[in-house]
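Just so it is clear, the values below take in all heavy atoms, side chains as well, and ignore hydrogens, waters and symmetry mates. Quantities reported herein were computed from a predicted structural model and do not represent experimental measurements.
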Amino acid sequence: MAFPPSWIEDFVHQLSYSIFPHEVPTPLGCHYHQEQGAWEVALFPSMRRVKDHRREKDSLFPAAFSFDIQQALPLFEELHHLDWVAMPMTGENEVGPHLLFEGIVDGEPVLIRICSEIPRRFQSDPDLIISA
């Protein structure tokens, strides 16, 4: 994947200040692409690998965090829509539960997802799984 436009990198950096981990902070994952004239950006926590001595296999859990919506709102020049998607409506929605912001950032139309867990397509990426 090519490097993001600098305004996306700056925006995601500022947006990350609205995320408050409940445990030891874990790295954030970010996926972005442009579709139908708008930039889509997904921000999500990495997974924690927890050693389970009772089982043969380690368990993976999303890193717990809170997100301060009010702190994030001023980052948008315009906010057209804000939703909490508690349960995906179709099997095609791979991002799971997430906050969805639609608006304008740096003059660009954006669709921002703050995901509660790693989207399915990235769950096998070892760079997004950290040891406990």
Q | F67 side chain reached by L99 side chain, heavy atoms, under 4.5 Å | A | yes

Q. From L15 CG over to D10 CG, what is the distance, rounded to the nearest 0.5 angstrom?
A. 12.5 Å

Q: Not counting sequence neighbours, which residues clear side-chain contact (heavy atoms from CB on, under 4.5 Å) with E108? List them please.
A: W7, W39

**Q.** From CA spacing to verdict: side chain to side chain contact (heavy atoms under 4.5 Å, CB included), L75, V105
**A.** CA-CA 7 Å; L75 299 175; V105 172; over 6 Å; no

(Q) For Y17 and H13, take the angle between the two ring planes, folded into 0 to 90°, and tell me which bin it lands in: parallel under 30, tilted 30 to 60, perpendicular over 60. (A) perpendicular

Q.
Please give me the minimum heavy-atom distance between S18 and A72, naming the atom from each residue.
A. OG-N, 3.5 Å

Q.
Minimum heavy-atom separation for P74 and Q71, please, with both atom names.
A. CD-O, 3.4 Å

Q.
Rounded to the nearest 0.5 Å, what separates atom CG in L100 from atom CG in L82?
A. 8.0 Å

Q. Hey, which of V12, V110, I114 is the one that makes side chain to side chain contact (heavy atoms under 4.5 Å, CB included) with V41?
A. V12

**Q.** Aromatic contact, F65 with F44 (centres under 6.0 Å)
**A.** no

**Q.** Distance in Å, E102 CD paired with E40 CD, rounded so as to fall on 0.5 Å steps
**A.** 9.0 Å

(Q) Would you say that L43 contacts I19 through its side chain, given a criterion of any heavy-atom pair below 4.5 Å between the two side chains? (A) yes

Q.
Looking at Q70, I'd like to know if its CD atom is crowded, meaning that more than 12 non-hydrogen atoms belonging to other residues, nucleotides or ligands lie closer than 6.0 Å.
A. no

Q.
For a 4.5 angstrom cut-off between non-hydrogen side-chain atoms, does H80 reach I104?
A. yes

**Q.** Spacing of H98 atom NE2 and W84 atom CH2 [to the nearest 0.5 Å]
**A.** 8.5 Å

Q: Find the distance between CZ (F76) and CD1 (I112) and round it off to the nearest 0.5 Å.
A: 5.5 Å

**Q.** Distance-minimising heavy-atom pair for P45 and C115
**A.** CD-O, 3.4 Å

